[in-house]
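Working notes, beginning with the structure itself.
Within every chain, numbering begins at 1; the chains are lettered A, B, ... in the order of the sequence lines, protein sequences first and strands thereafter.
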Amino acid sequence: MIATREFGRTLYSVCDELMQNYAVDQWWPARSRFEVMVGAILVQNTRWANVDAAIKVLRARQCLTPQAVQALPVERLQVMVRSAGCQSVKARRLRSLALAIDEFGGLRRMACTDTEPLRAMLLSVHGIGPETADAILCFAFDRPVFVADQYARRWLQRMGFISARASKNYTHSQRSVNVLLNGAGVSHQALHAGIVLHGQARCGQLPQCLDCFLREICKYPYKT
DNA sequence: ACCCAGGGTCATA
DNA sequence: TATGACCATGGG
């Protein structure tokens, strides 16, 4: 088992490297909290390029507010998000989200709610699971939450930070990491952005050592 | 013609 | 609790 302190140092240097080589603060291109949430739902099992097209349509028609989304007939919403795939499913999910936000008391209220209850609120929305909820917490509300997605779990397992069994389960992976991550002072946004970018660049074949990781991420700088 | 992508839900066993 | 089908588009 890897010592906590060593793990913290490792991730700290990874984040440091990521922030120097990527525009990690711009990795998730969104102009508002709600836009991050919309993107988080639309990107489920889909490439970002397809999502980007859909968001441009929504933005052009000024539909990137919870109120505007609610006012829209579902059929209309489906047409607008078509490029993101699973249109009927995702249109419904966007409506559920918009409704839930209003019922909770709006974005302002969400922003000043503690992370745990906020996460529970997000998970109660039909169509938001653990990964989407954590991405929203991390990128829309700037909470120190680790997004234990497929890329992260593969990498963590290969690095020996978590067991093969834990890597198959989202919650187990996240819990293991959170314990080890305690006090490491990492940027969760930078870490997630870097892991995803790196995972994509390597087509899912993640390197097994930290040196390889750092070397590889430098070969794929952030591009718009 | 396949395969998959920055998942989640629902139905089975 | 753990898999598998399903959603459905666009790019390789």
What's the [atom1]-[atom2] distance between [X] and [N], to the nearest Å?
{"X": "A:Leu97", "N": "B:dG7", "atom1": "CG", "atom2": "C1'", "result": "15 Å"}
{"X": "A:Arg93", "N": "B:dT9", "atom1": "CZ", "atom2": "P", "result": "6 Å"}
{"X": "A:Lys90", "N": "B:dT9", "atom1": "NZ", "atom2": "P", "result": "13 Å"}
{"X": "A:Trp48", "N": "B:dG6", "atom1": "CH2", "atom2": "P", "result": "11 Å"}
{"X": "A:Asn45", "N": "B:dC3", "atom1": "CG", "atom2": "C1'", "result": "12 Å"}
{"X": "A:Gln78", "N": "C:dC7", "atom1": "CD", "atom2": "P", "result": "13 Å"}
{"X": "A:Met80", "N": "C:dT9", "atom1": "CE", "atom2": "C1'", "result": "17 Å"}
{"X": "A:His126", "N": "B:dG8", "atom1": "NE2", "atom2": "P", "result": "12 Å"}

[N] OP1/OP2 closer than 4.0 Å to side-chain N/O of [X]:
{"X": "A:Thr132", "N": "B:dG8", "value": "yes"}
{"X": "A:Gln87", "N": "C:dT9", "value": "yes"}
{"X": "A:Arg82", "N": "C:dG10", "value": "yes"}

First of A:Arg47 and A:Gln44 reached from the 5' end of DNA chain B, by closest nucleotide: A:Arg47
Derivation and outcome, side-chain contact (heavy atoms from CB on, under 4.5 Å), residues A:Asp134 and A:Gln174: CA-CA 10 Å; A:Asp134 289 335; A:Gln174 190 184 45; 2.8 Å; yes
Nucleotide nearest A:Val196 when distance is taken to its side chain, options B:dG6, C:dC7, C:dT9: B:dG6
Aromatic-base stack, A:Tyr170 on B:dG7, cutoff 5.5 Å, angle under 30: no
Is_stacked (A:Tyr151, B:dG6) at 5.5 Å, 30 deg: no
Ring geometry between A:Trp27 and A:His192 (parallel below 30°, tilted from 30 to 60°, perpendicular above 60°): perpendicular
Atom CZ of A:Arg59 with >12 non-hydrogen neighbours under 6.0 angstrom: yes
B:dA11: pairing nucleotide in any strand, Watson-Crick or G-U under 3.5 angstrom: C:dT3
Non-hydrogen side-chain atoms of A:Tyr170 and A:Val147 separated by less than 4.5 Å: yes
A:Gln44 vs A:Arg93 side-chain heavy atoms within contact, under 4.5 Å: yes
Span that lies between the C1' atom of B:dG6 and that of C:dG4, in whole angstrom: 22 Å
Sugar-phosphate only, base, or nothing, as touched by A:Asp149 at under 4.0 Å among non-hydrogen atoms: nothing
